[in-house]
Amino acid sequence: MAQVTLKVDDPLTASPRPAASPWTRGAAAAAAGALPALAFPTPSLWWLAYVALVPWMLLARAAPTGRRAALDGWLGGAGFMVAVHHWLIPSLHVFIVLIALLLGALWAPWGWLVRRLLGGTPGRRSVVAATVLVPCAWLLVELVRSWEYLGGPWGLLGASQWQVAPALRLASIGGVWLVSFLVVAVNTALAALLAVPSSRAAAGSVLAAAAVGTTAVWAWAPVPTRGGESVRVAVVQPGVIDGPQPRFDRGERLTRALAGKGVDLVVWGESSVGFDLSARPDLANRLAALSRDVGADILVNVDARRTDGLGISKTSVLMGPDGPAGPSYDKMRLVPFGEYVPARTVLGWATSVGRAAGEDRIRGGHQVVMDAGPVRLGPLVCFESAFPDMSRHLADDGAQLLVAQSSTSSFQGSWAPAQHASLAALRSAESWRPMVHATLTGISAVHDARGERLGPVLGTSRSAAQVYDVPLDSGRSPYDRLGDWVPRLAVLLLAGAGAYEAALRRSARSRR
């Protein structure tokens with residue numbers, strides 16, 4: 001850990017230490033911020049999340065000034081964003097650094113707050129306050145950057161716990177936000193244990209409370225009701241194939257092999273149909289015939305220029321034995337730079353240095369629930385499975401099954417397919433609805449209403465049609481009922497702390 005010289009007149013001064021250069025300290029901050037990325041897939045070192053923030057926090061608390069702590073927060077945030085999204089580098093090149101620096105600035109107040117509460121020799125009350133307010137500030141960062149136009153909620157810290165059953169139970173209470181809060185609170189208490197010997201009892205008490213609270217939720221929180229109903233869902237993953245027509249043909253052959261297997265629904269991945277079906281009645285007729293042969297509706301995703309002249313859209317279409325069955329769904333939340341360029345008149349140059357979208361896709365206007373034989377399904381397209389509110393709204397609208405159609409074929413061999421597939425576990429646990437994550441080229445996976453994995457995973461080397469028996473649980477999760485109460489509470493607590501601090505300062509000035 002880089003050491004710095006603290007000014008003698010600084011209120012947080014302990015003793016002078018050898019100074020490191022600003023560049024060395026900046027690199028240390030960026031590296032410390034990048035460390036939590038190892039908790040996400042592909043490495044999936046989920047346990048690391050509970051200690052990975054400690055080096056970053058120790059650096060910020062030892063900053064000589066509040067401004068330097070804010071800079072540590074900024075650079076650490078930039079390092080975190082690059083590390084979690086490093087697989088975008090072949091597409092965005094140097095532009096990813098600019099994006100990371102922009103979003104990393106959101107962590108500057110967080111770094112300042114770490115120093116404010118844990119710097120120097122804080123008392124017990126300050127340490128306890130830190131274990132609440134530092135996680136609240138982290139949640140505020142996650143909430144702001146979850147705005148779709150800032151990149152969306154990819155890489156929320158709580159998402160690293162997708163395979164930990166107690167964490168999934170917490171998600172059913174407060175969404176991924178509650179899991180993020182717990183992870184940051186544990187890191188904060190550990191940082192206090194290491195850096196503030198006089199407050200170890202308070203930090204230890206916080207850790208014990210976190211353990212007891214998580215155990216209590218695991219033991220007594222409500223769980224979805226198993227009603228005995230189930231649906232047989234087939235995921236068709238054609239694999240890496242160049243060209244929309246060969247891809248369609250492969251999907252058709254794989255689906256035809258499902259005849260006689262008693263499936264209720266067949267799901268193809270994102271961009272599985274590269275032609276507007278209204279302009280290609282031959283393909284529409286082939287899908288309808290395929291539905292008749294298999295005895296199930298087929299959910300496809302059309303990624304093509306529309307014949308109505310509006311442009312290109314990504315549309316989920318349910319094909320039955322007589323053609324389209326019910327309303328279609330146009331993807332609402334588009335991938336920045338991948339499917340549209342924000343402020344294209346200003347940032348359009350990004351298309352010249354990477355694989356940014358040369359043309360903005362059409363944005364859908366509302367979510368749709370589809371009736372597919374014995375099940376009501378709620379479709380999501382790719383990036384949308386990262387948004388907790390979208391799956392929750394589908395559950396509220398009566399969806400019994402969530403279906404995410406995805407394609408990460410541009411990022412084969414990277415961490416992206418595993419990161420994306422892991423989100424299905426969280427969305428299932430949050431909404432108490434099973435979720436099918438179907439891709440073109442892997443990773444495809446299915447999770448039940450508790451977030452537990454069902455059946456085999458189709459990796460990036462597979463070309464297959466896999467059938468899953470998916471139980472349809474009933475009930476509404478606490479998170480579904482209460483919504484995003486955790487980030488709202490975090491905002492209120494931060495506002496209250498700010499008001500309290502302002503009142504103390506006014507009182508101090510009045511006594512002078």
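When a residue number appears, it is its place in the shown sequence, counting from 1. Since we're looking at a predicted model, the values are computed, not measured.
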Ring-face cation of R392 near Y479 (centre distance under 6.0 Å, axis angle within 45°):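 R392 over Y479 ring: yes.
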L277 vs V302, side chain to side chain contact (heavy atoms under 4.5 Å, CB included): CA-CA, chis, key distance, verdict: CA-CA 8 Å; L277 291 175; V302 178; 4.0 Å; yes
Any residue meeting salt bridge (Lys or Arg N to Asp or Glu O under 4.0 Å) with R169, in chain and number order, not counting sequence neighbours: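 None.
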Step-by-step salt bridge (charged side-chain N to carboxylate O under 4.0 Å, His left out) determination, D396 to R476: CA-CA 8 Å; D396 288 343; R476 294 181 63 193; 3.4 Å; yes
Just how far is it from atom [atom1] of [X] to atom [atom2] of [Y], taken to the nearest 0.5 Å?
| X | Y | atom1 | atom2 | value |
| --- | --- | --- | --- | --- |
| L283 | D249 | CG | CG | 8.5 Å |
| L377 | D264 | CG | CG | 12.0 Å |
| I96 | L88 | CD1 | CG | 5.0 Å |
| I312 | I362 | CD1 | CD1 | 8.0 Å |
| L401 | L265 | CG | CG | 7.0 Å |
| L150 | L102 | CG | CG | 7.0 Å |

Salt bridge flag under 4.0 Å for residues [X] and [Y]:
| X | Y | value |
| --- | --- | --- |
| D282 | R280 | yes |
| R333 | D389 | yes |
| D480 | R433 | no |
| E252 | R247 | no |
| D469 | R232 | yes |
| D303 | K331 | no |
| D293 | R256 | yes |
| D371 | R376 | yes |

Derivation of the side chain to side chain contact (heavy atoms under 4.5 Å, CB included) call for S428 and L402: CA-CA 8 Å; S428 296; L402 303 176; 5.7 Å; no
Side-chain heavy-atom pair [X], [Y] within 4.5 angstrom cut-off:
| X | Y | value |
| --- | --- | --- |
| W177 | L156 | yes |
| N301 | K314 | yes |
| L458 | I443 | no |
| T460 | T441 | no |
| S463 | L254 | yes |
| L454 | H447 | no |
| R361 | S313 | no |
| E142 | L140 | no |

W107 and W138 aromatic centres sub-6.0 Å: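 Yes; W138 has its ring centre under 6.0 Å from that of W107.
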Proximity of W110 and W56 rings by center, below 6.0 Å: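 So the answer is yes for these two rings.
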Candidate list F387, F383, W87, test ring pair (Phe, Tyr, Trp, His ring centres under 6.0 Å), partner W154, passing option: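 That would be W87.
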Do [X] side-chain atoms and [Y] backbone N/O form a donor-acceptor pair below 3.5 Å?
| X | Y | value |
| --- | --- | --- |
| W46 | Q163 | no |
| R305 | G311 | no |
| N187 | L53 | yes |
| T214 | A211 | no |
| D448 | G451 | yes |
| Q237 | G459 | yes |
| S444 | A438 | no |
| H86 | A83 | yes |
| Q161 | G158 | no |
| S477 | E430 | yes |

Do you know the tightest heavy-atom contact between [X] and [Y]?
| X | Y | result |
| --- | --- | --- |
| S291 | I298 | N-CD1, 3.8 Å |
| S414 | P417 | O-CD, 3.4 Å |
| L394 | P379 | CD1-O, 3.8 Å |
| M370 | L318 | SD-CB, 4.0 Å |
| M81 | R145 | CE-NH1, 3.8 Å |
| S406 | C382 | OG-SG, 3.9 Å |

Short side-chain donor-acceptor distance under 3.5 Å, [Y] and [X]:
| X | Y | result |
| --- | --- | --- |
| S385 | H420 | yes |
| Q405 | S316 | yes |
| S407 | S271 | no |
| T225 | W432 | no |

Worked verdict on Q466 versus Y468 for side chain to side chain contact (heavy atoms under 4.5 Å, CB included): CA-CA 7 Å; Q466 181 67 47; Y468 299 85; 3.4 Å; yes
Derivation of the side chain to side chain contact (heavy atoms under 4.5 Å, CB included) call for V266 and W268: CA-CA 7 Å; V266 180; W268 289 17; 3.9 Å; yes
Q412, CD atom: more than 12 neighbouring heavy atoms under 6.0 Å: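 Yes, because the 6.0 Å sphere around CD of Q412 holds more than 12 heavy atoms from other groups.
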Residues that Y329 engages under ring-ring contact (aromatic ring centres under 6.0 Å, His included), provided they are two or more places apart: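 Per chain and number, Y329 pairs via ring-ring contact (aromatic ring centres under 6.0 Å, His included) with no residue.
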Stepwise salt bridge (charged side-chain N to carboxylate O under 4.0 Å, His left out) check, E384 with R427: CA-CA 11 Å; E384 294 177 330; R427 301 294 87 86; over 6 Å; no
Residues T315, D330; criterion side chain to side chain donor-acceptor pair (under 3.5 Å); working and verdict: CA-CA 4 Å; T315 305; D330 293 328; 2.6 Å; yes
